[in-house]
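Here is the structure we will look at, set down as structure tokens.
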Amino acid sequence: MAWDALTDEQRELRDLVRALTRDRIAPRAAEIDASHEFPWDVVELFREHELFGLLYDEEHGGTGTGTLLALVAIEEVAKVCATSALILAVQELGSLGLKLAGSEEQQQRYLPRLASGEWLCAYALTEAGSGSDSAAMRTTARRDGDEYVLNGSKRFITNAAVANLYTVFAKTDPEAGHAGISAFLVESDAPGFVVARLEPKMGISGSTTGELTFDDCRVPAESLLGEEGEGFKIAMRILDRSRPGVAAQGLGLAQGATDYALEYARARETFGKPIAEHQLIQAKLADMETACQAARGLLYDFGRMVDAGIEGPELTKASAMAKLHCTDTAMWVTTEAVQILGGYGYIKEYPLERMMRDAKITQIYEGTNEIQRLVIAREMLRESRAFLLAGVA
Ligand SMILES: Cc1cc2nc3c(=O)[nH]c(=O)nc-3n(C[C@H](O)[C@H](O)[C@H](O)COP(=O)(O)OP(=O)(O)OC[C@H]3O[C@@H](n4cnc5c(N)ncnc54)[C@H](O)[C@@H]3O)c2cc1C
């Protein structure tokens, strides 16, 4: 048996998720992609088997099993269905604001419902005119007595129309740049809040991606997360911890595509032998497997860092490196896997064209991979390595 870096307990839980995924989600994946419908049956499955709980502490109704195991679960689900894996990753993305900056009262009100999966959540930062440059946002929030009044819109929000709770970023002081942004918890039935439309997409077709509008949307003053002006800091702390969820989705796609291509290469014959015996195919398989394992090293290291309580620039860099490498690997490996299947890779009877389409988004959302490179380089430029060069002529 292959060497496995997980503990016995982690392995046991991973194997449970793996079995559930193979039995119940794999047979649904093509249908979810073709129907473009949000898979409520998968949400129900996650609820029944308490998989949402993997994202939360015991005191809030979760399993308290930590970040590494949550990432492993997302990876396992993404091996067969990236849309289903995203349900877990976005539950984490949408609740991290509460976990990191929520008051005791806010946490008690929402986290148990999110941990059971009774409620789904979302993270609303991007706007039509502000994606990578999120501080250019135009949505505003004005204090009015015991309420805040939100006006503006958000674009490309995952879980739009299925989430019960949205973490929304808006400017409480439009003149103050980053420092003028605040974060709010907005329930889906808040007056003035509407999901204006859903976007048709290239991949992750069962996931909803929508535009939210806030038209004099009134929320209680207690909906503010943290303090006024802390929103940008909160948004970035959330992304540091959530991006590896996308990395896990990418890694799952890459490993799932590698596994599928390997089995196909064993069975498909050309020139009188299985294509797996042609050295050019072997080279592809070897490079794909190596890329997956290298990506896994970065991702699991990140999980262990969070579980060890590490914070700050070191975590930011590790998060960006895991996101960058796992998702670039997803795009490259799924493309190679399609190539191994030849014409069959391109048609919908086989899952690889779906995996290749699904892989593309992982390089774009939660910070494009260009932005991840900027983050990594920024952290490198803050480090001093002069001592390593001592004595180098
Ligand atoms: C399916 C889907 C789901 C999404 N889900 C969510 C969600 O749940 N919540 C949310 O808030 N957002 C979400 N997004 C938004 C996503 O995070 C943004 O699309 C992404 O951050 C890029 O922003 P943009 O599209 O405005 O591109 P832009 O910022 O306009 O970037 C365009 C191009 O320029 C590059 N670029 C930009 N700035 C620089 C720079 N300084 N140096 C080098 N290159 C640069 C980018 O890498 C990109 O290639 C989602 C998007 C999609 C498509």
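In listed order, ligands and their atoms are each counted from 1.
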Protein residue, atom and distance nearest to [atom], heavy-atom basis:
atom                    : result
atom 10 (C) of ligand 1 : Thr126 OG1, 3.3 Å
atom 20 (C) of ligand 1 : Ile364 O, 3.7 Å
atom 49 (O) of ligand 1 : Glu370 OE1, 3.6 Å
atom 9 (N) of ligand 1  : Tyr123 O, 2.7 Å
atom 29 (O) of ligand 1 : Ser132 OG, 2.6 Å
atom 39 (C) of ligand 1 : Ile371 CD1, 4.0 Å

Taking [atom] as the reference point, report whether a protein heavy atom occurs under 4.0 Å from it.
atom                    : answer
atom 52 (C) of ligand 1 : yes
atom 34 (O) of ligand 1 : no
atom 47 (O) of ligand 1 : yes

Side-chain donor-acceptor contacts of residues 57-69 below 3.5 Å, not counting sequence neighbours, with atom names and distances?
residue : atom : partner : partner atom : Å
Thr63   : OG1  : Gly53   : O            : 3.3
Thr63   : OG1  : Thr65   : OG1          : 2.7

What heavy-atom pair brings [X] and [Y] nearest, and what distance separates the two atoms?
X      : Y      : answer
Glu222 : Asp146 : OE2-O, 4.4 Å
Ala160 : Thr209 : CB-C, 4.5 Å
Ile157 : Lys154 : CG1-CB, 3.8 Å

*asked:* Under the rule for side-chain contact (heavy atoms from CB on, under 4.5 Å), what residues qualify as partners of Met321, not counting sequence neighbours?
replied: Leu298, Lys317, Ile376

*Under 3.5 Å, N or O to N or O, is Thr158 touching ligand 1 that way?*
yes

*Quick check, are the ring centers of Phe169 and Tyr123 under 6.0 angstrom apart?*
yes

Which one holds for [X] and ligand 1: side chain close, backbone close, both close, or neither close, with close meaning a heavy atom under 4.0 Å?
X      : value
Ile361 : side chain
Thr209 : side chain
Leu374 : side chain

*Would you check if the side chain of Gln372 reaches a backbone N or O of Gly367 as a donor-acceptor pair within less than 3.5 Å?*
yes

Taking only heavy atoms of [X] into account, list the atoms of ligand 1 that are under 4.0 Å away from them.
X      : result
Glu366 : 17 (O)
Thr368 : 22 (C), 46 (C), 47 (O)
Ile157 : 7 (C), 8 (O), 9 (N), 10 (C), 11 (O)
Lys201 : 1 (C)

*Do Val338 and Tyr350 belong together in a cluster built from hydrophobic side chains that touch within less than 4.5 Å?*
yes

*Heavy-atom proximity to atom 14 (N) of ligand 1, best of Phe156, Tyr166, Phe169*: Phe156

*Which is closest to atom 26 (O) of ligand 1 by heavy-atom distance: Ala128, Gly131, Ala136?*
Gly131

*Any chance the side chains of Glu289 and Gln293 put a donor and an acceptor closer than 3.5 Å?*
no

*With a 3.5 Å cut-off and no angle check, do the side chains of Gln363 and Asp328 form a donor-acceptor pair?*
yes

*asked:* For Gln249, run the side-chain contact (heavy atoms from CB on, under 4.5 Å) check against Asp358, Thr83, Ile204 and tell me which one passes.
replied: Ile204

*Could you walk me through whether Glu379 and Thr316 pass the side chain to side chain donor-acceptor pair (under 3.5 Å) check?*
CA-CA 8 Å; Glu379 296 307 332; Thr316 300; 5.0 Å; no

